[in-house]
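Taking it in order: structure first as structure tokens, then the write-up.
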Amino acid sequence: MTFTGDERAQSVQVGAVLLFGVLIIAFSSYQAFAVPEQNREVEFNHNQQVQTQLQDLRNAIISVPGQSSRQAVSVQLGTRYPSRLVATNPGPPSGLLYTDGTTNESQNLTVRNAEAITPETADYWDGATPRHYNTGAIAYKPEYNVYGEAPETVYEHSVVYNQFREGNITLSEQAMVDGRDITLVALNGSLSRSASDSVTVDVEPKSQSSRTVRVTNTTGTSNVSVSFLSRLPASEWNETLDEELDTNPGNMSNERYVANVTQSEGPGSLYNITIVFERGVNYRLKMAKAGVGTKVTAENDAYLTTVDDNEISVQQGGDGEIVLEVRDAYNNPVSGVTVNGSVEGSNTGSLTPDTESSDSDGRVKFVYNASQSTATGTYTVQFSLDEIDGSFVGETPENVSIPVTVTEANQGSGGGSGNSGLIYNEDAVALDSDGGPDGGVQFSVTNEVGDTITITTVAIDAVDENIDFLSDSYRNYRDPAPQENELYIEADTDGYTDFNGGTDIPRVIDVDNQERDLAGPNPVMSDGSIATFHLFEFERFGVQTGMTGESLTITVTYELSSGGTDSKMFTVTPGGANTSAQPNADFTITSNGGESNGKWDFDASQSSDPQGDIAAYEWDLDGDGIFDDANGQTLEKRRVSSGTKVALRVVDAEGNADTVRKEVP
């Protein structure tokens, strides 16, 4: 048999070759087009993930003002491609996370024309000295193999945005300005990490607290302003601050206080941005310093200021506490700093101790002591972060001078307390009488009037307006007793009032009002005696409520046995205030003289709060002890009779309150 000329196998061979070629072409196309496109999707998804993580990092940084411990944020710098059996992948992509300008002392955030409302704090925040704070940005720069148009994601000045060649896209809102609140967080330290896996960024609070300082423009022609370097132009900051920009400058009712955002050339590709605030407004300035990476620096003491009143008064043989606070340049407390104190002159009293170290809250406490032989008059107590010598100047940031007035001892009430009148003993507690929540309040007062008094009325006004009812749990056929009537006063002669079914509050209770179903005599207190008040029990929206931490304003009116009537107003908070620092109420009374037509202006702008968060100004203009006559920091042209004791109650954001009363001239 011969196979010469037989070509039947050639078609199989040709087919195999052609099939192999098709496979090679298909694989090449897959490697050249499909693999890069799939890898590009992987890189794109990773970039979206990093943008989210940069926003987490931003949230950790801007939360430093209220955060005492470090926060760790993970950032995935690179990613991995899926494994492939035949096709090949390029090397894994990586990214660079780095800080920019955070160790360059010339790259600053600057606050100008800001003068503190509190006099001693104004020694530092004087409005004339610009305050500079080094800060910068933290950015992620991707190094992808395929996704070449990926943006650089940047955090700076509370904002996260993507920076493309063609423009920028903002990913978060700004947190620097919110109405009258200005919050500035400086970024400190050096960080540069390039990798294809994840890294952990520790955000460390280097200066932090929830404290605010109230500031305003220092002159009638200046504006509080904040300047900083940014990669974003003013036009984009205008968009970011859109809800804060006042399109009608001077309109204080719209809660918008940014007058303008300006721009000038900065170093390199940066813009020098300035946020200009409206004049005539008290701003709440909160500042902090966050550290990342290495080269993070600590903050030292910058100034010394008062916490409570700038003036105190004590009687001969008495004493008064003085509390000061050591703060850094960010207005935050500094612990472990020595403060020196002394009393100027001889026979002018003494301090205990004369040297103190600041605690974890940056505070130092001194007690001024006036002996029985200390001459009456006003003396200056000096405090300093330095040694006190003949060169002491009270108006410098590191020094504080406080006037102390020594008055003659009140012999009728025993003297030595620095107080007179009906004195609240700071002992309020919340109690329960019927198995429910601690809805009752008990406290005591001491008669230091110097005379026997008879209590006639008691006004009760809860700071929380939702606490609106007072009702005991017992029927009137029971004998009167503490905690079994709405009001019971244990004194030399007890007094009580019971309302059948309870009573709305606020309320002025006439203790011996015989129109009540059960009313006793007016309580009598001899000079130096103590009376205990029982109020049972308070309700909120018709349900008995716990009173621990809830503030009440109590006004007690009494008659003196020697003739005349007087009253005392005080705030009681069972269990103490919600925070260690309460507000301080104060106001002025002025008129336009003969043109006032019997009308008065009341201005509470000098009231203060250590945290700077006064939430309400409430007024009692008729002297009845009920704060329902007006609200607001200032009242103009109000007709109030001369001799009326007008009262102001200020309430902070935590519900703490303070009251003050002044007599209209």
Side-chain angles (χ1 to χ4, degrees), residues 422-447 453-464 466-526 529-558 568-577 625:
L422 195 63
I423 307 303
Y424 166 48
N425 295 323
E426 304 287 344
D427 59 355
V429 293
L431 298 172
D432 170 58
S433 65
D434 62 353
D438 292 336
V441 174
Q442 175 183 301
F443 63 91
S444 68
V445 298
T446 301
N447 177 10
I453 64 173
T454 300
I455 297 174
T456 56
T457 66
V458 178
I460 306 169
D461 191 346
V463 170
D464 185 347
N466 294 323
I467 300 176
D468 57 1
F469 204 73
L470 181 67
S471 177
D472 69 84
S473 303
Y474 301 95
R475 297 189 180 275
N476 291 351
Y477 61 76
R478 297 170 64 102
D479 291 335
Q483 304 183 17
E484 295 189 9
N485 308 108
E486 279 81 10
L487 171 65
Y488 196 99
I489 304 173
E490 291 183 286
D492 296 341
T493 299
D494 290 0
Y496 47 85
T497 302
D498 194 291
F499 297 86
N500 186 14
T503 180
D504 293 323
I505 57 170
R507 174 69 183 261
V508 180
I509 299 177
D510 185 353
V511 180
D512 69 340
N513 188 343
Q514 298 304 317
E515 294 180 2
R516 303 274 71 79
D517 292 320
L518 183 65
N522 288 319
V524 177
M525 297 180 67
S526 60
S529 68
I530 296 175
T532 301
F533 286 64
H534 306 267
L535 304 172
F536 281 75
E537 295 193 16
F538 290 90
E539 296 181 5
R540 187 196 311 264
F541 301 124
V543 179
Q544 196 176 106
T545 184
M547 290 299 291
T548 299
E550 299 289 352
S551 296
L552 300 168
T553 300
I554 306 294
T555 306
V556 180
T557 302
Y558 52 87
K568 186 63 178 287
M569 175 181 289
F570 41 83
T571 300
V572 304
T573 306

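In this structure, the ring pair (Phe, Tyr, Trp, His ring centres under 6.0 Å) partners of Tyr496, at least two apart in sequence or on a different chain, are Tyr488. Every side chain to side chain contact (heavy atoms under 4.5 Å, CB included) that Ser526 has, sequence neighbours left out, goes to Thr452, Asp492, Ser529. The salt bridge (charged side-chain N to carboxylate O under 4.0 Å, His left out) search around Asp464 returns Arg540, not counting sequence neighbours.
The only member of Glu486, Glu490, Glu484 that meets side chain to side chain donor-acceptor pair (under 3.5 Å) when paired with His534 is Glu490. Among Asn522, Thr497, Thr454, Thr457, the single residue meeting the side chain to side chain donor-acceptor pair (under 3.5 Å) criterion with Asp512 is Asn522.
Closest heavy-atom contact between Phe533 and Ile455: CZ-CD1, 3.8 Å. Pairing each heavy atom of Tyr558 with each of Thr456, the nearest pair is N-OG1, 4.2 Å. In this structure, Thr503 and Phe469 approach most closely via the heavy-atom pair O-CD1, 3.3 Å. Taking all atoms of both residues into account, the shortest heavy-atom contact from Met525 to Ala491 is CG-CB, 4.0 Å. Contact between Gly575 and Thr548 at its shortest, heavy atoms only, is CA-CG2, 4.5 Å. Contact record, Val511 with Pro521: CG1-O, 4.0 Å, taken as the closest heavy-atom pair.
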Pair Phe538-Leu552, side chain to side chain contact (heavy atoms under 4.5 Å, CB included): steps then yes or no: CA-CA 11 Å; Phe538 290 90; Leu552 300 168; 3.7 Å; yes

Ile505 vs Ile467, test: side chain to side chain contact (heavy atoms under 4.5 Å, CB included). Steps then yes/no. CA-CA 8 Å; Ile505 57 170; Ile467 300 176; 4.2 Å; yes

Side chain to side chain donor-acceptor pair (under 3.5 Å) for Asp472 and Asn485? Distances and angles first, verdict last. CA-CA 5 Å; Asp472 69 84; Asn485 308 108; 5.3 Å; no

Would Thr532 and Ile489 count as a side chain to side chain contact (heavy atoms under 4.5 Å, CB included) if you check the C-alpha gap in whole Å, the side-chain angles of each, and the deciding distance to 0.1 Å? CA-CA 6 Å; Thr532 301; Ile489 304 173; over 6 Å; no

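Defined by atom type and a distance below 3.5 Å, a donor-acceptor pair is present between the side-chain atoms of Ser444 and Asn425. For the residue pair Gln544 and Glu539, no side-chain donor N or O sits within less than 3.5 Å of a side-chain acceptor on the partner.
Residues Thr573 and Glu550 form no side-chain contact, since every pair of their non-hydrogen atoms from C-beta on lies 4.5 Å or further apart. Between Arg507 and Ile460 the shortest side-chain heavy-atom distance does not fall below 4.5 Å. For the pair Val458 and Thr555, the minimum side-chain heavy-atom distance is 4.5 Å or more.
One distance of note links CD of Gln483 with CG of Leu431; it measures 5.5 Å at 0.5 Å rounding. To the nearest 0.5 angstrom, Phe499 atom CZ is 8.0 Å from Leu470 atom CG. Here the straight-line distance linking atom CD1 of Ile530 with atom OG1 of Thr446 works out to 4.0 Å at 0.5 Å rounding.
Taking the six-membered ring where tryptophan is involved, the planes of Tyr424 and Phe570 are essentially parallel, since the angle between them stays under 30° and well short of 60°.
A donor-acceptor contact shorter than 3.5 Å links the side chain of Lys568 to the backbone of Leu422.
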